[in-house]
Protein chains: 2
Amino acid sequence: MVELPAPSRTRNAAATRQAILDAAHNRFAKEGYDGASLREIAADAKVDAALVSRYFGSKEELFVEVLNCAPDASDLFEGTLSDFGTRVAAKILDDRDVDQGVEYLLIMLRSASSLAAAEPLRRSMRTHFHDPFAAWLGGPQADVRARLAGDLIMGVCMSQAITSDHDLDEEGRASLRSRLAKVLQAAVEP
Amino acid sequence: MVELPAPSRTRNAAATRQAILDAAHNRFAKEGYDGASLREIAADAKVDAALVSRYFGSKEELFVEVLNCAPDASDLFEGTLSDFGTRVAAKILDDRDVDQGVEYLLIMLRSASSLAAAEPLRRSMRTHFHDPFAAWLGGPQADVRARLAGDLIMGVCMSQAITSDHDLDEEGRASLRSRLAKVLQAAVEP
DNA sequence: CGCCCAAGTCAACAGTTGATGACTTTTACA
DNA sequence: TGTAAAAGTCATCAACTGTTGACTTGGGCG
């Protein structure tokens, strides 16, 4: 009441920059590259809109910066190859806690239509997903197996994003999970 | 040389409407719902921009109309279930002739991020793809199998759209095709 | 032919977007 | 303390969006 709690943060370029980066991450994941506006992002970060352009140069450069912060999809690689299917299927379908890796997938699929975002997207996808994935898989044609599994994951995530899972009951979801596990496993096994 | 061939089409409301519909189809497939502008669509159809709004009321109604023209993914269902994988894998990956069904998939994935397009998309997806697909599949949990196969197809198409297949040589493509066939088959079989 | 309504055109609107240059405020150092 | 540079703000630009209303043109019917 007496006053707003910490009404104005002490000036800190690094913190501000990070706040913008976080806000941009969320907006890009929710609305895609074209859909997210710099003004929205700035508002989320509680920052003047001009600062975004000032810090990152342009929207596209901000996008690249966000993509560069992507974790190397590391959580998908924690475990054995033999239970990859069930593990990843559970992680994708039980999206109560939308973790980082899946969020970056959302950014990608939501920005797939944008011409400006296409090239950064392609590069980031290879560096942060396909290449480490293929390396983790190993064996013959690891790149093809990684790509196929990645495509399947992307398709399922996108389907979830579109349908909001309105049209599947609990039993159907369990069935989808087990079948997805099987198909995923078929995609990655040599 | 002497003059433009048929410099001005004789006035024909039905033909003009169809021209707009075709142009909208192509633009939506290329740039998604948000990315495609009515002015671009009108220019493609060689029509004044105002006519688009006049004929279809609003951009969203035009989008719905385009989606309603979608073929029932019929070309995927011509053949036996046992060779579904190889058949569809070939059709998707040899996209020299991007046929209608895949084009509508492009519209969907490119417009997935748009809030305005979400609801029409979801409806069209069920009516024109999932439901007839599940009906064609038959057997236990046909809806789950249809959804999984659909998600895989969507993911692969989207991956193609993003990467433009820059990063796969001829041998890799052959390998991808055969493996996709196997995985697709695993998705649809009971 | 002459009319009249449909078909098509033009200009403009209000809103939003990304970006920029000039301005003010704060921090940190000497 | 005084000051210069960093950090943040403000107003504004030009471009583009979907949409609308008033206008002009054309072809088919009497």
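Letters go in sequence order (proteins before strands), and every chain restarts at 1.
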A.B. asks: Need one value for Ala36(B): base, sugar-phosphate or nothing, where a base atom within 4.0 Å counts as base even if backbone is also close, heavy atoms only.
C.D. replies: sugar-phosphate

A.B. asks: Looking only at the aromatic ring of each residue, does the gap between the centers of Phe129(A) and Phe77(A) stay below 6.0 angstrom?
C.D. replies: no

A.B. asks: Which listed nucleotide (dG21(D), dA19(C), dG8(D)) is nearest to the side chain of Arg54(B)?
C.D. replies: dG21(D)

A.B. asks: On a heavy-atom basis, which atom in Ala29(B) and which in Leu106(B) lie closest, and how many Å separate them?
C.D. replies: O-CB, 3.9 Å

A.B. asks: How many whole angstroms separate atom CG of Leu62(B) from atom C1' of dT17(D)?
C.D. replies: 15 Å

A.B. asks: Rounded to whole Å, how long is the line connecting atom CD of Glu60(B) with atom P of dG18(D)?
C.D. replies: 13 Å

A.B. asks: Within the structure, does a side-chain N or O atom of Ser37(A) lie under 4.0 Å from either OP1 or OP2 of dT17(C)?
C.D. replies: yes

A.B. asks: Roughly, in whole Å, what's the span from CG in Asp48(B) to P in dA7(C)?
C.D. replies: 15 Å

A.B. asks: Using heavy atoms to find the nearest nucleotide of DNA chain C for Glu40(A) and Gly57(A) separately, return the residue whose nucleotide is more 5′.
C.D. replies: Glu40(A)

A.B. asks: Rounded off to whole Å, could you give me the CD-to-P distance for the Glu31(B) and dC16(D) pair?
C.D. replies: 13 Å

A.B. asks: Could a donor-acceptor pair under 3.5 angstrom be found where the side chain of Arg11(B) meets the base of dT25(D)?
C.D. replies: yes

A.B. asks: Classify the side chain of Arg39(A) and the base of dT16(C) as holding, or not holding, a donor-acceptor pair under 3.5 Å.
C.D. replies: no

A.B. asks: Ignoring hydrogens and geometry beyond distance, is a side-chain donor-acceptor pair present between Thr80(A) and Asp83(A) at under 3.5 Å?
C.D. replies: yes

A.B. asks: Which class fits the ring pair Tyr33(A) and Phe28(A): parallel under 30°, tilted 30 to 60°, perpendicular over 60°?
C.D. replies: parallel

A.B. asks: Take the protein atom CZ of Arg17(B) and the nucleotide atom C1' of dA6(C), then report the distance between them rounded to whole Å.
C.D. replies: 16 Å

A.B. asks: Looking across every strand, which nucleic acid part, if any, lies under 4.0 Å from Ala13(A) by heavy atom: base, sugar-phosphate, or nothing?
C.D. replies: sugar-phosphate

A.B. asks: To the nearest Å, how far apart are Ile20(B) CD1 and dG18(D) P?
C.D. replies: 14 Å

A.B. asks: Counting only side-chain N and O atoms of Thr16(A), is one of them less than 4.0 Å from OP1 or OP2 of dG8(D)?
C.D. replies: yes

A.B. asks: Among dT19(D), dG21(D), dA19(C), find the nucleotide with the atom closest to the side chain of Ala50(B).
C.D. replies: dG21(D)

A.B. asks: What is the distance from CZ of Phe56(A) to C1' of dT20(C), rounded to the nearest Å?
C.D. replies: 18 Å

A.B. asks: Rounding to a whole Å, what distance do you find between Asp34(B):CG and dC16(D):C1'?
C.D. replies: 14 Å

A.B. asks: Counting any heavy atom closer than 4.0 Å, what does Leu51(A) reach on the DNA or RNA strands: base, sugar-phosphate only, or nothing?
C.D. replies: base

A.B. asks: Just by modelled atom types, is the Ala187(A) backbone N or O under 3.5 Å from a matching donor or acceptor in the Arg179(B) side chain?
C.D. replies: yes

A.B. asks: Check the phosphate of dA7(C) against Tyr55(B), side-chain N and O only, distance under 4.0 Å to OP1 or OP2. Yes or no?
C.D. replies: no

